[in-house]
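As C-alpha cells, the structure follows; a few thoughts come after it.
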Amino acid sequence: MRLFLFIAILIFTQAVQASKVAIIIDDIGYRQTDEAVLSLPNSITLSVLPHTPLGETLAQHAHQQGHEIMLHVPMQALNGKTLGPGGLTNQMNEFEFKQQLDSAFNSVPFAVGVNNHMGSLLTQLDEPMQWLMESLKQRQGYFIDSVTTRYTRAGSTADTIGIPSLRRQIFLDNDTSTTGLEKQFQQLITLAHQQGRVVAIAHPYPETIDFLNENLHRLSSQGITLVNASQLLPYTIAQQPGSATTRLK
C-alpha cells in the first residue's frame with residue numbers, strides 16, 4: 001500500500017513539474033508605454049504589430065534581452081474594423097497577400113512565428129490560410145492561433161501544410177482590474193495542472209505588466225515552468241531545404 005502511494009505521489013509530482021506555460025504579449029508597437037514589456041523576464045514571448053512607430057526598435061531590444069519575437073499580423077475581422085498597416089484581407093490575391101506578409105516580416109526583426117491580430121473572418125477561409133502557412137514554411141516559422149472565432153481553419157490548414165502550430169487557450173487581461181487579472185492567472189495555473197501545456201495571450205497594458213512582474217514567481221512555486229512559445233510546439237521545421245520536420249519529445 002505504501003509503495004502504491006509513493007508511486008502515485010511520484011507520478012503526480014512529475015506531472016506537476018512537467019507543466020509548462022507560454023505567455024505571449026501582443027499588440028506591441030504603437031504606445032510609448034509598450035516599452036514596459038522590456039521589464040518582463042525573457043521567458044515571456046513578445047508579438048509585435050508590423051509597420052508601427054516603435055515595433056522595430058522594441059523587437060531589436062527585446063531580442064537582445066533574450067525574448068522570443070513574433071509577428072502579430074492584422075487579419076480581416078467580421079466586424080469590419082480597420083486593420084492598420086500590414087493587414088491581410090480576403091480581397092487580396094496570392095501575390096498581394098504574400099507580398100504584404102513579407103513586408104510585415106521585414107518590419108519586425110527576429111520574428112520567428114506569427115499570431116493573428118483580430119482575424120475572425122480571414123482565419124475561417126481556407127485559401128488565405130494556405131497562403132499564410134506556405135509563407136511560414138519558407139521561413140521555417142510557426143503559427144499560434146489567437147482563436148478569435150470558433151470556426152477558425154488556421155490550425156487544420158497548418159497541419160495540412162506541415163506548419164507547427166498552437167492555439168491560444170486563455171486571455172489574461174480582458175479585465176485589467178486586479179480582481180480580473182487574478183481570476184485569469186488562477187485559471188492559467190489550473191489549466192497548466194490539468195493540461196500540462198498552456199498558451200496564454202495578454203497585452204502591454206500597464207496594469208498587466210505590473211501584475212505579471214509581481215506574480216510570475218507564483219508559477220514556479222506551483223511547479224509550472226514559464227517558456228517561450230516555440231518550446232511548446234509539437235515539432236519544428238528543419239532548417240535545411242528539403243529536410244523532414246523534426247518532432248519534439
Side-chain angles (χ1 to χ4, degrees), residues 8-28 33-48 58-59 61-72 110-116 142-147 155 164-236 248-249:
I9 291 170
L10 180 62
I11 292 172
F12 174 78
T13 301
Q14 289 176 336
V16 169
Q17 289 176 341
S19 298
K20 294 180 180 180
V21 163
I23 298 177
I24 300 166
I25 307 292
D26 64 21
D27 284 1
I28 295 170
T33 53
D34 291 357
E35 293 178 352
V37 299
L38 298 176
S39 70
L40 292 166
N42 62 13
S43 47
I44 294 282
T45 303
L46 304 181
S47 191
V48 181
L58 279 176
H61 289 168
H63 175 76
Q64 290 169 1
Q65 290 183 194
H67 289 274
E68 184 166 290
I69 308 300
M70 296 180 63
L71 174 64
H72 193 38
F110 307 109
V112 294
V114 164
N115 77 311
N116 52 297
Y142 64 84
F143 182 75
I144 293 184
D145 193 343
S146 301
V147 193
S165 68
L166 297 164
R167 291 168 61 94
R168 183 272 310 164
Q169 291 147 280
I170 185 171
F171 283 118
L172 295 182
D173 56 358
N174 286 339
D175 177 357
T176 58
S177 68
T178 301
T179 301
L181 290 166
E182 176 61 27
K183 178 182 176 182
Q184 292 305 98
F185 197 75
Q186 287 286 0
Q187 181 64 17
L188 175 68
I189 291 171
T190 299
L191 284 173
H193 289 322
Q194 290 176 345
Q195 301 182 19
R197 298 186 174 198
V198 181
V199 176
I201 289 179
H203 304 89
Y205 307 136
E207 299 90 342
T208 301
I209 303 301
D210 290 344
F211 182 89
L212 290 176
N213 274 324
E214 293 171 6
N215 290 278
L216 284 174
H217 68 90
R218 293 163 54 191
L219 295 178
S220 59
S221 67
Q222 290 282 332
I224 300 168
T225 303
L226 181 63
V227 299
N228 290 320
S230 64
Q231 292 180 257
L232 295 188
L233 294 171
Y235 60 91
T236 58
L248 298 181
K249 297 181 180 179

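The main-chain N or O of V199 is never found under 3.5 Å from a side-chain atom of R168 such that the two would form a donor-acceptor pair. Looking at S43, its side chain never comes within 3.5 Å of a backbone N or O of V227 through a donor-acceptor pair. In this structure a side-chain-to-backbone donor-acceptor pair under 3.5 Å is present from Q169 to R197. For E68 (side chain) and L46 (main-chain N/O), no donor-acceptor pair under 3.5 Å exists by modelled atom type. The closest donor-acceptor contact from the side chain of H193 to the backbone of S19 lies at 3.5 Å or more, if one exists at all. With hydrogens and angles ignored, the 3.5 Å screen pairs no side-chain donor or acceptor of T208 with any backbone N or O of P204. Judged purely by atom type and a 3.5 angstrom limit, Q184 uses its side chain to pair as donor or acceptor with the backbone of F171.
A side-chain contact (heavy atoms from CB on, under 4.5 Å) with V48 is found for one member of L71, I28, D27 and no other, namely I28.
Contact record, G180 with D175: CA-OD2, 3.6 Å, taken as the closest heavy-atom pair. For the residue pair S146 and I201, the shortest heavy atom distance occurs at OG-CD1, 3.7 Å. A229 and A22 get closest at one heavy-atom pair: CA-CB, 3.8 Å. When all heavy atoms of G155 and D145 are compared, the closest pair comes out as N-OD2, 4.3 Å.
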Between T45 and I69, does a side-chain contact (heavy atoms from CB on, under 4.5 Å) hold up when you go through it step by step? CA-CA 6 Å; T45 303; I69 308 300; over 6 Å; no
Kindly indicate, with the supporting measurements, whether the criterion side-chain contact (heavy atoms from CB on, under 4.5 Å) is fulfilled by N116 and F143. CA-CA 9 Å; N116 52 297; F143 182 75; 3.6 Å; yes
When you look at I23 and I25, which way does the side-chain contact (heavy atoms from CB on, under 4.5 Å) test go after all the steps? CA-CA 7 Å; I23 298 177; I25 307 292; 4.3 Å; yes
Walk me through it: do H203 and D173 pass the test side-chain hydrogen bond (donor to acceptor under 3.5 Å, both in side chains)? CA-CA 7 Å; H203 304 89; D173 56 358; 2.8 Å; yes
Which is it for M70 and I24 under the side-chain contact (heavy atoms from CB on, under 4.5 Å) test, yes or no, and what are the steps along the way? CA-CA 9 Å; M70 296 180 63; I24 300 166; 4.0 Å; yes
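Judged purely by distance below 3.5 Å, without hydrogens or angles, the side chains of N228 and S230 never pair a donor atom with an acceptor atom. Between the side chains of S47 and D26, not a single donor N or O lies within less than 3.5 Å of an accepting N or O.
Here L226 contributes atom CG and L216 contributes atom CG; the two are 6.0 Å apart, rounded to the nearest 0.5 Å. Separating the CD atom in Q64 from the CG atom in N42 is a distance of 13.0 Å, to the nearest 0.5 Å. Within the model, atoms CG of L58 and NE2 of H61 stand 8.0 Å from one another, a figure rounded to the nearest 0.5 Å. With values rounded to the nearest 0.5 angstrom, T178 atom OG1 is found 14.5 Å from K183 atom NZ. Going from atom OG of S165 over to atom CG of L232 covers 12.0 Å, rounded to the nearest 0.5 Å. One finds the CD1 atom of I209 at 11.5 Å from the CD atom of E214 (value rounded to the nearest 0.5 Å).
Classified by interplanar angle (parallel below 30°, tilted 30° to 60°, perpendicular above 60°), the ring pair F211/F185 is perpendicular.
Residues I144 and R167 form no side-chain contact, since every pair of their non-hydrogen atoms from C-beta on lies 4.5 Å or further apart. At least one side-chain heavy atom of I189 sits less than 4.5 Å from a side-chain heavy atom of L219.
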